[in-house]
Amino acid sequence: MGYRYNFHEIEEKWQRHWDETELYVEAEAAHRPRYYCLEMFPYPSGRLHMGHVRVYSIGDVIARFKRMQGFQVLHPMGWDAFGLPAENAAIQHNIHPHRWTEANISHMRQELKRLGFSYDWNREVTTCEPDYYKWTQWLFLLLYKNGLAYRKAAPVNWCPSCATVLANEQVVGGLCERCDSKVEKAKLEQWFFRITDYADRLLDGLEKLEGWPEKVKSMQVNWIGRSEGTEIRFAVEGFDEELPVFTTRADTVFGVTYVVVAPEHPLVDKLIAGQENEDEIRAFLKEVMAQDELMRTAEDTEKKGILTGRYAVNPLNGERVPILIGNYVVGSYGTGAVMGVPAHDTRDFAFAKKYCLPIREVVAPPGKEAGGEPAEAYVDEGVLINSGDFSGLSSQEAVEKITKHLEAIGRGGHKVNYRLRDWLISRQRYWGTPIPIVYCPQCGIVPVPEEDLPVMLPTDVAFKPTGESPLIHCEEFVQTSCPQCGGAARRETDTMDTFIDSSWYFLRYTDPHNDQLPFAKEKADAWMPVDQYIGGVEHAILHLMYSRFIQMVLSDLGLASHDIPFENLLAQGMVLQHGAKMSKSKGNVVDPDTIVNQYGADTARLFILFAAPPDKDLEWSDEGIEGSYRFINRVWRLVVEYLDLIKDVSPEVGGSLGPRERELRRIVHAGVKKVTKDVAERFSLNTAISAVMEMVNGMYHYKDTPLDEQDLGVVREAVELLLLVLAPFTPHVTEELWHRLGYDESIHVQSWPAYDEAATQADEATIVVQINGKVRDRVTVPADSGTEEVKEAVFAQARVQEYTAGKEIVKTIVVPGKLVNIVVK
RNA sequence: GCCGGAGUGGCGAAACAGGCAUACGCGACAGACUUAAAAUCUGUUGAUCUCUUAUAAGGUCGUGCGGGUUCGAGUCCCGCCUCCGGCACCA
């Protein structure tokens, strides 16, 4: 009877049935423990790709498993629907972004349903709809009122191709994260979120996130880039100005022989004005600034500098040192100026050699005197020399004492620096949440009152990437009246970074239809934090740090009780084909629709869960898909062929069973145990599936055994347990077979099966016999044998006697039920 | 340079608490079924050597490399190598 099951018919039937019966709509019963299982919502780009199938398959297994374990599970889905591709489609295909987005959403929603994911679609959120972005605006105002949103002119990252500014986090290797264009610097008035106020808490908070992968946490640590050191304020000779520098090596301050400032340093103009070589310096500045920052600050770029003819005064020893302008000093980090200590810094050493600046050693390696002209910089710690009162101190003591001394004389002190910049959130684009701000000639910057939200995004605008928001040209949007004085005023025409939309959507799911608030606190508190969040590691910094920030703000302002959004995080690996990430340009894309048409959703899900652990990259394999399909058919045949025999049998097991039946029960119950542990304790879905495969193999081995009445109960039990543990992975075929067994209720609302621990124990144990750690023999003993009985059986073995003959037995180690190691000399 | 992760059969991978290395699957090979093929069911499948007509049996080696701890190491410790990811003239 080698036939295959009709997955088309079965999958469609049950998808319709689940939809109609609202099987996965969460009823908010109060008496069950809650579990919030969330996968990162997709951007509605048009079609699902294999990466989507992977995250959502992983999440669906967890959600279904938890539901069967008796949890009330929140498992929602929505759309991160604002963003550039919609606008580009509008420009290229003359279709309105809203229509394009809507069409994509409805197509992708169908694709998700065809994969059989158990979402509560009643909670669907779409960030580009006014009922959502109204609350994104509300959140903006909340931050604004609390001093966490501000406007300022600043040098910003400008993507000429996208014609908009970008957050630092969106610039990857000097290129635009979206389109790989070279990012330029521009000075513009922009809106920022004060995320740097939270730098320390974002950093310290990582320690509490025990359920997050190290990889993600270390990426955030690197990104925040906390650096502890000393600020030293040099006086500038001839000016009533201070020139602060930042250093982590205050112990080397007596070795300062010059100071270098970045070309964009605010003091540069003042310093060089009227100098005799001003023209030369300006030419140098022009040359350096013409280079883009990435090039200029690359490690292998030649260090260049020019003397300004001005001098700074070292506050520790009163020494005059020349001030230079250097291409290697980064204007946006620290103070934009550094002290030059050529004897103890590799870069400074090279720079000093090139420009014939003096080199003075002030730190000696412990137990060694420095002397003569050093051949290279000594960058390690040591003992101070040539450092006045501080000579003789260790580097560590000196840092502390010098910092204190600077503080005492009002010339500096302890300082913490961060790499993290404030979050630039304004975008000169149309398809985003409008920033709810009005500019009034009388009152200045005026927030739109809450009761006037949402500030609706107008629908009839021209889509041209002009570098200004298309909203600028939409007069009925721009022209408004001031909420304060009622006079004529203009609206802010920039929209918000779409990462703001996705920094709070997980909260909206807990209360998606609230029209009074973004979410009611009780509702959010009931579900938050997300118990398990799943998504790609490409969001390790952007989305996952912004969400942590917003959640902290909400918690500080009393709107939420938790200050972390995601308790546990699973960063799933990529889907590869031929070792490379699937991409259109590489032509190695496998379309999920094709696979679902050819093999069905259950097969697609099973393969993608089986081929690799969730957190590792997964290599696509056509043979692997075939294998998963074969396995499901194998299950189908097994159950269908038993059906007539066991249809009216109860899954009860009693009386004394024969050895084959006991073996079958052992395999099945051990399988249930392993699946339970693998899914519950470590999301090891690939090994869970392999355990199910072993159950099936065991059942096939049993299959031709002649059956009596009592054995039918054992078979029925085995079939039911198999279907139940397989249900989260392949929901359709298990649902069909479950009903064929005679049940009316869905398999997906059944309790997760318990296993019989006693049944998992074999009657006999195979003991491995080692002589001096090498396996030499095996012996089978009754499972309940004690240490002495096992030893007796082992020493009775002919091979053991052979190996021990004439030797002294030093010791015998017995690992109960497993192994005996005899040490001989 | 700093931080994080990973190196196991022909391939994807497993070994969860230091106890049979390679479960499960793919591929390959063989048997059964079939007029035949496909499908299906069953079995074999780390390398190498010895003995044997063959089967069977046995030895040695084997988890990136070199050491160490231990009765016993893929797993723990020390020192390296390679690959992947993040940060980086960051002062």
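These numbers come from a predicted model, not from an experiment. Letters go in sequence order (proteins before strands), and every chain restarts at 1.
- Within the 4.0 Å cut-off from OP1 or OP2 of B:A91, at least one side-chain nitrogen or oxygen of A:Y333 is found.
- In this structure, A:E214 reaches the sugar-phosphate backbone alone: every heavy-atom distance under 4.0 Å involves primed, P, OP1 or OP2 atoms, never a base.
- Contact check on A:E302 versus A:K304 returns no salt bridge, with no Lys/Arg side-chain nitrogen under 4.0 Å from an Asp/Glu carboxylate oxygen.
- Side-chain nitrogen and oxygen atoms of A:Y629 include none within less than 4.0 Å of the OP1 or OP2 phosphate oxygen of B:A39.
- Glycosidic torsion of B:G31 falls outside 90° of 0, placing the base in anti.
- Under a 4.0 Å N-O distance rule, the pair A:E663/A:R660 does not qualify as a salt bridge.
- In a base pair of the Watson-Crick type (N1 to N3 plus N6-O4 or O6-N4) or a G-U wobble (N1-O2 and O6-N3), with each distance short of 3.5 Å, B:A32 is matched with B:U40.
- A:E802 and A:R776 are not joined by a salt bridge, as no carboxylate oxygen comes within less than 4.0 angstrom of a charged side-chain nitrogen.
- With distances taken from any side-chain atom of A:V823 to the nucleotides B:G43, B:C71, B:A91, the minimum falls on B:C71.
- Atom NZ of A:K354 has more than 12 neighbouring heavy atoms from other residues, nucleotides or ligands inside a 6.0 Å radius.
- Among the heavy atoms of the strands lying under 4.0 Å from A:Y700 are primed sugar atoms or P, OP1, OP2 only; no base atom is included.
- Remark: A:E757 engages A:K673 in a salt bridge, criterion side-chain N to carboxylate O under 4.0 Å.
- Backbone-only engagement by A:P613 is indicated by non-hydrogen atom pairs under 4.0 Å involving sugar-phosphate atoms exclusively.
- No engagement by A:K304 is indicated, since no non-hydrogen atom pair under 4.0 Å with the nucleic acid exists.
- Within 6.0 Å of atom CD in A:Q801, more than 12 heavy atoms from other residues, nucleotides or ligands are found, so the atom counts as buried in its surroundings.
- If you check distances only, the side chain of A:R419 never reaches the base of B:C87 with a donor-acceptor pair under 3.5 Å.
- OP1 or OP2 of B:U60 lies within a sub-4.0 Å distance of a side-chain N or O belonging to A:R776.
- B:G27 and B:A13 have their C1' atoms separated by 14 Å, given to the nearest Å.
- Not one side-chain nitrogen or oxygen of A:T346 sits closer than 4.0 Å to the OP1 or OP2 atom of B:C89.
- The P atoms of B:C3 and B:G79 are separated by 13 Å, rounded to the nearest whole Å.
- Remark: B:U52 base-pairs with no nucleotide; criterion is Watson-Crick or G-U wobble with both hydrogen-bond distances under 3.5 Å.
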One character per nucleotide, please: for nucleotides 22-32 of chain B, 5' to 3', B when the base has a protein heavy atom closer than 4.0 Å, S when only the sugar-phosphate does, - otherwise.
-BBSSS-----

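- Among the heavy atoms of the strands lying under 4.0 Å from A:D617 are primed sugar atoms or P, OP1, OP2 only; no base atom is included.
- The listed nucleotides are B:A91, B:U60, B:G4; the one nearest the side chain of A:K774 is B:U60.
- Distances shown here put every side-chain N or O of A:H578 at or beyond 4.0 Å from the OP1 or OP2 atom of B:C11.
- Close to B:G59, at under 4.0 Å from its OP1 or OP2, lies a side-chain N or O of A:R799.
- Pairing for B:U63 is absent, judged as Watson-Crick or G-U wobble with the two contacts each under 3.5 Å.
- In this structure, B:C89 makes no Watson-Crick or G-U wobble pair, since no nucleotide meets both defining distances under 3.5 angstrom.
- The partner of B:G9, taking Watson-Crick or G-U wobble pairs whose two distances both stay under 3.5 Å, does not exist in any strand shown.
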List the steps, then state whether side-chain contact (heavy atoms from CB on, under 4.5 Å) holds for A:L569 with A:L544.
CA-CA 10 Å; A:L569 174 70; A:L544 290 170; 3.7 Å; yes

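- Between B:C83 and B:G31, the distance separating the two C1' atoms is 43 Å to the nearest Å.
- In this structure, A:Y803 reaches the sugar-phosphate backbone alone: every heavy-atom distance under 4.0 Å involves primed, P, OP1 or OP2 atoms, never a base.
- Nucleotide B:C76: paired with B:G68 (Watson-Crick or G-U wobble, both distances less than 3.5 Å).
- Distance noted for atom P between B:G9 and B:U63: 9 Å (whole Å).
- Taking atom P in both B:C11 and B:C90, the straight-line distance is 41 Å, to the nearest Å.
- Here the side chain of A:D678 is nearest to one of B:U42, B:C16, B:C89, namely B:C16.
- The separation of B:G74 from B:C65, taken at their C1' atoms, amounts to 15 Å, rounded to a whole angstrom.
- B:A15 makes up no base pair with any nucleotide shown, lacking Watson-Crick or G-U wobble contacts both under 3.5 Å.
- Across the P atoms, B:U75 and B:A15 are found 15 Å apart, a figure rounded to whole Å.
- Between the side chain of A:N821 and the base of B:C71, a donor-acceptor pair under 3.5 Å is found.
- The P atoms of B:G59 and B:G66 are separated by 25 Å, rounded to the nearest whole Å.
- Between A:K811 and B:C71 there is a side-chain N or O to OP1 or OP2 distance below 4.0 Å.
- Of the options A:Y5, A:Y642, A:F7, A:Y629, a ring-ring contact (aromatic ring centres under 6.0 Å, His included) to A:W636 is made by A:Y5 and by none of the others.
- Within a 6.0 Å sphere centred on CD of A:Q396, other residues, nucleotides and ligands contribute 12 heavy atoms or fewer.
- The side-chain tip of A:R634 points at the ring of A:Y700 from less than 6.0 angstrom away and within 45° of straight on.
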